[in-house]
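Heavy-atom basis, side chains included; hydrogens, waters and symmetry copies ignored. Since this is a predicted model, take the numbers as computed values, not measurements.
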Amino acid sequence: MAWVLLVVAGLLEVGWAVGLKYTEGFTRPVPSVFTGAAIVASMLLLSYAARTLPIGTAYGVWVGIGAAGAAVLGMVVLGEPVTAARIFFIGLLLVAVVGLKATSGH
């Protein structure tokens, strides 16, 4: 169950990271509320997952999902550059996330 919570927390991190773009410095109320709620929910789920998972693993996976997801959405939704190098390094992030899970002992 901790892994499910952690993956959901990571997906919420993607949401709030991309949501920051739409808050325009927290000057737009609706995107700001949704982004703030996603931040709180993401951290809360991370804390629940860290009860049973090693914190280094939990945090690394959470950040990896968030960083890779935000980078992909940045390219797909926000028109950021899509280059072979960016795709390669996103792939490395995902390999690291899988590696952390595989070696966590849980």
Side-chain angles (χ1 to χ4, degrees):
M1 186 62 174
W3 284 106
V4 172
L5 295 176
L6 186 58
V7 169
V8 173
L11 294 174
L12 284 167
E13 186 189 6
V14 173
W16 70 255
V18 173
L20 285 174
K21 184 79 169 173
Y22 294 99
T23 68
E24 295 180 13
F26 290 101
T27 61
R28 298 180 62 210
V30 173
S32 297
V33 168
F34 283 118
T35 299
I39 289 170
V40 170
S42 180
M43 296 259 179
L44 188 64
L45 291 175
L46 172 62
S47 73
Y48 289 153
R51 287 178 178 173
T52 56
L53 299 174
I55 190 62
T57 299
Y59 184 73
V61 168
W62 181 72
V63 168
I65 292 170
V72 169
L73 281 180
M75 289 185 283
V76 172
V77 175
L78 301 173
E80 294 177 1
V82 179
T83 65
R86 288 186 74 163
I87 293 169
F88 172 74
F89 288 114
I90 291 168
L92 284 180
L93 275 171
L94 295 176
V95 167
V97 166
V98 170
L100 283 170
K101 184 193 183 314
T103 60
S104 73
H106 285 87

For this session: Before giving the answer on side-chain contact (heavy atoms from CB on, under 4.5 Å), spell out for Leu45 and Leu6 the whole-Å C-alpha distance, their side-chain angles and the decisive distance to 0.1 Å.
Result: CA-CA 6 Å; Leu45 291 175; Leu6 186 58; over 6 Å; no
For this session: Report yes or no: do Tyr22 and Val30 belong to one cluster of Ile/Leu/Val/Met/Phe/Trp/Tyr joined by side chain heavy-atom distances under 4.5 Å?
Result: no
Exercise. Excluding sequence neighbours, so at least two apart, what forms side chain to side chain donor-acceptor pair (under 3.5 Å) with Ser32?
Worked result: none
Exercise. Which side-chain hydrogen bond (donor to acceptor under 3.5 Å, both in side chains) pairs, counting each pair once, include a residue from residues 71-92, with sequence neighbours left out?
Worked result: Glu80-Arg86
Exercise. So which residues get pulled into Val95's cluster when ILVMFWY side chains under 4.5 Å apart are joined, directly or through others?
Worked result: none
Exercise. Do the side chains of Ile65 and Leu53 join up, straight or via other hydrophobic residues, at under 4.5 Å, putting them in one cluster?
Worked result: yes
For this session: Apply side chain to side chain contact (heavy atoms under 4.5 Å, CB included) to Leu92 and list each qualifying residue two or more places apart in sequence or on a separate chain.
Result: Phe88, Phe89
Exercise. For Val33, what are the other residues in its hydrophobic cluster, where any two members join if their side-chain heavy atoms are less than 4.5 angstrom apart?
Worked result: none
Seminar exercise, completed: Sorted by chain and number, sequence neighbours left out, side chain to side chain contact (heavy atoms under 4.5 Å, CB included) with Thr57 holds for Trp3, Pro54, Val61, Leu100, Ser104
Exercise. Which salt bridge (charged side-chain N to carboxylate O under 4.0 Å, His left out) pairs, counting each pair once, include a residue from residues 48-57, with sequence neighbours left out?
Worked result: none
Problem set entry | Partners meeting side chain to side chain contact (heavy atoms under 4.5 Å, CB included) with Val82 (sequence neighbours left out) | Met75, Ile87
Exercise. Which pairs pass ring pair (Phe, Tyr, Trp, His ring centres under 6.0 Å) with one or both residues in residues 42-61, sequence neighbours excluded?
Worked result: Tyr59-Trp62
For this session: Decide whether Val72 and Leu78 are clustered together by the hydrophobic rule: side chain heavy atoms of Ile, Leu, Val, Met, Phe, Trp, Tyr closer than 4.5 Å, transitively.
Result: yes
Problem set entry | Counterpart residues, side chain to side chain contact (heavy atoms under 4.5 Å, CB included), relative to Ala68 (two or more places apart) | Ile90, Leu93, Leu94
Could you list the donor-acceptor pairs under 3.5 angstrom formed by side chains in residues 8-20, with sequence neighbours left out?
none

For this session: Would you please name every residue forming a ring pair (Phe, Tyr, Trp, His ring centres under 6.0 Å) with Phe34, sequence neighbours left out?
Result: none
